[in-house]
Each structure stands twice: as structure tokens, then as C-alpha cells.
Novice: 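The structure is given below, and queries will be raised subsequently.
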There are 2 protein chains.
Amino acid sequence: MAIHKKEAFTQKEQDLAEFAKAIAHPARIAILKVLASRNECICGEIVEVLPLAQSTVSQHLKELKNAGLINGTIDGPRNCYCINWKAFEKFNTEFNILFDTLKVKNEKACC
Amino acid sequence: MAIHKKEAFTQKEQDLAEFAKAIAHPARIAILKVLASRNECICGEIVEVLPLAQSTVSQHLKELKNAGLINGTIDGPRNCYCINWKAFEKFNTEFNILFDTLKVKNEKACC
DNA sequence: TCGTTTAATCGTATATTTGCGATATAAAAT
DNA sequence: ATTTTATATCGCAAATATACGATTAAACGA
């Protein structure tokens with residue numbers, strides 16, 4: 001892969017792809033569910049619930065944070081994570097827009 | 001990565017992750033748009049529109065097909081591709097379910 | 001039958017992802 | 001000040017993904 005071609009596409013396409021990539025792993029979907037299932041923001045409890053090592057969970061959290069899907073605030077020796085609803089809603093909307101766009105453009109199926 | 005841990009998660013989580021992975025590349029989003037933009041099923045025209053080599057587009061199409069998002073029927077020397085609306089709708093629904101699930105569980109944000 | 005056209009596949013190179021153990025860091029508690 | 005606790009990060013190994021050119025295959029037309 002000499003050159004990355006991602007830049008050749010729309011910013012929206014890139015953003016949406018990045019979001020999809022963030023949730024493109026069952027572990028990260030599971031992490032989001034754990035985060036949502038507790039009203040207070042949990043951190044290391046995820047490790048107890050999931051069948052993954054602490055370092056692996058930490059890495060997944062980092063990716064989710066990089067994608068902007070979760071927030072993290074330092075709270076003593078522990079870190080408080082929670083879902084970034086603003087970003088989440090935004091991407092949910094973007095997704096639906098994509099779906100609708102495809103649907104509108106393609107009224108009749110062909111094969 | 002000695003062992004794959006994907007099997008350790010829910011089937012729904014795996015399915016959703018696989019779908020997300022399929023659209024986790026701007027090229028594939030663009031391909032879906034091209035497919036939807038034509039009423040008749042196009043194939044090699046994608047290569048003309050996208051800044052990618054023929055083999056690369058073929059590979060992306062294969063991944064989309066493996067994920068079940070598009071159908072392909074042989075039509076002479078050319079291949080007819082189009083969006084699999086059934087699968088697409090299903091995943092759209094699954095996505096919204098995930099979003100709603102997260103939302104319901106987490107009434108009040110914390111950070 | 002032979003060439004043309006279209007698409008898939010092969011081979012290759014490189015980048016990224018995934019996972020873990022080990023180590024480092026940073027705040028709280030003793 | 002030192003220990004404990006919770007996380008992040010480093011280093012490594014292996015798997016996947018990405019991209020391309022070259023080759024193969026398959027069907028149509030001359």
C-alpha cells in the first residue's frame with residue numbers, strides 16, 4: 001500500500017468511515033454497552049466484564065476516544081469514561097442520511 | 001495477536017461489527033453511492049468514477065459482497081452489481097436498535 | 001476460431017489492527 | 001515518604017487491510 005487513497009474521498013465519507021471503523025469491532029460495541037449500562041462513568045469495570053486484558057481494553061477505549069465517541073475525565077487514580085452523546089447523535093444522523101440518500105437515489109432494485 | 005477474541009462476543013455484536021467494517025472505508029461508501037445513483041446495475045463504471053485501480057475496486061466489491069451488502073449477477077462478460085436492500089435495511093434497523101439501546105440505558109450523561 | 005472486453009484473482013509490498021505482558025505514571029491512602 | 005490502586009503506554013508478534021500491476025478467466029462478436 002504505497003499511498004493512502006483515503007484523502008481522495010469526501011470529508012463526509014471519511015468521517016462516516018472513521019465512525020464505522022470505531023464500532024467495527026465487537027469489543028468496542030460491548031464497551032459502549034457497558035458504558036451506557038451504568039449511570040456513573042465506569043472505567044476498569046469493563047475489564048472485569050469483558051474477556052480481554054486490561055491493556056487491550058485501554059487500547060479500545062483510546063480508539064473510541066480518538067473517534068470522539070466517548071469522553072474521558074481524570075478522576076483521581078481512576079478514569080471516568082462515558083459516551084459522548086453529541087457525537088453519537090451526529091453520526092447516527094449521518095448514517096440515516098446515507099441510508100436515505102441511497103434509498104432515494106435507487107427507487108427500483110435491479111438484481 | 002495469538003488468538004482471535006471476536007467469538008467471545010454476542011452474535012449480534014459480531015454481525016453489527018462486520019457491517020460497520022464493510023462501510024468503514026470511504027471508497028466503499030463511495031461505491032455504494034455509485035451503485036445507488038444508477039438505476040441499472042453498474043460494474044466497471046465505478047473504476048472510471050473512483051480514483052482507484054480496477055483490481056482495487058474489485059477487491060472492495062468483493063468485501064461488500066461478502067458482507068452481504070450488495071448482490072452481483074453475471075451478465076455476459078460484465079458483472080452486474082447492486083445494493084442488497086434487504087440486508088441494508090436490516091443493518092440500518094440493527095444500528096438504530098443499538099443507538100436506542102444505548103440511549104435508553106443511559107438516561108443521564110455524567111461527563 | 002480468434003481477438004476483444006470485462007472482471008476476478010494472484011503475487012507482492014506496506015500499513016494498520018489486534019492482543020498480551022511488562023513497564024511506567026499518577027493520584028490516593030497509609 | 002512509601003505503598004497501593006487504576007490506567008496508560010511500550011514493545012512485541014501475528015493477523016488483516018489496502019493498493020497496485022500482472023495474469024487469468026469467461027463470454028461475446030467478428
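In what follows, chains carry the letters A, B, and so on, assigned in the order in which the sequence lines appear, proteins first and then strands, with residues in each chain numbered from 1. Given the structure is predicted, the values throughout are model-derived calculations rather than measurements.
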Novice: Could you see if Ile70(A) belongs to whatever hydrophobic cluster contains Val49(A)? Use Ile, Leu, Val, Met, Phe, Trp, Tyr and a side-chain cutoff under 4.5 Å.
Specialist: yes
Novice: For dC20(D), does either OP1 or OP2 sit under 4.0 Å from a side-chain N or O belonging to Thr56(B)?
Specialist: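 Checking dC20(D) against Thr56(B), a side-chain N or O does come within under 4.0 Å of OP1 or OP2.
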Novice: What residues from residues 59-66 of chain A pass a heavy-atom cutoff of under 4.0 Å to DNA chain C?
Specialist: Gln59(A), His60(A), Glu63(A)
Novice: Under 4.0 Å between a side-chain N or O of Ser58(B) and OP1 or OP2 of dA8(C)?
Specialist: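 For Ser58(B), the contact criterion (side-chain N or O under 4.0 Å from OP1 or OP2 of dA8(C)) is met.
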Novice: Looking at Glu13(A), Lys12(A), Gln14(A), which hits side chain to side chain donor-acceptor pair (under 3.5 Å) with Thr10(A)?
Specialist: Glu13(A)
Novice: In whole Å, what is the span from the CD atom of Gln54(B) to the C1' atom of dT24(D)?
Specialist: 12 Å
Novice: Quick one, which residues of residues 11-23 of chain B touch DNA chain D with a heavy atom under 4.0 Å?
Specialist: Lys21(B)
Novice: Output the rounded distance in Å from CD (Glu7(B)) to C1' (dA15(D)).
Specialist: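 That distance rounds to 13 Å.
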Novice: Kindly compute the distance separating CG (Leu35(A)) from CZ (Arg28(A)), expressed to the nearest 0.5 Å.
Specialist: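 If we round to the nearest 0.5 Å, Leu35(A):CG and Arg28(A):CZ are 13.5 Å apart.
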Novice: Would you say dA8(D) has OP1 or OP2 under 4.0 Å from some side-chain N or O of Tyr81(A)?
Specialist: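 It does, given that an N or O in the side chain of Tyr81(A) lies less than 4.0 Å from OP1 or OP2 of dA8(D).
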Novice: Tell me: CG of Asn79(A) to C1' of dA26(C), nearest whole Å?
Specialist: 10 Å
Novice: Between Leu50(A) and Phe9(B), is there a side-chain heavy-atom distance shorter than 4.5 Å?
Specialist: yes
Novice: Can a donor-acceptor pair be found, under 3.5 Å and without considering hydrogens, that links the side chain of Ser58(A) to the backbone of Ser55(A)?
Specialist: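 Not a single qualifying donor-acceptor pair exists.
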Novice: Less than 4.5 Å apart, side chain to side chain, heavy atoms only: is that true for Leu32(A) and Phe88(A)?
Specialist: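 The answer is yes, as the side chains (C-beta and beyond) meet within the 4.5 Å cut-off.
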Novice: Between atom NZ in Lys6(A) and atom C1' in dA17(D), what is the gap in whole Å?
Specialist: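 In whole Å, dA17(D) C1' lies 9 Å from Lys6(A) NZ.
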Novice: In whole Å, what is the span from the CG atom of Leu52(A) to the C1' atom of dC20(C)?
Specialist: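 In whole Å, dC20(C) C1' lies 10 Å from Leu52(A) CG.
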Novice: Please report the shortest heavy-atom distance between Gly72(A) and Tyr81(A), naming the atom on each side.
Specialist: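 For Gly72(A) versus Tyr81(A), the nearest heavy atoms are CA-CD2, 3.6 Å.
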Novice: Atom CD1 of Ile46(A) to atom C1' of dA8(D): distance rounded to whole Å?
Specialist: 14 Å
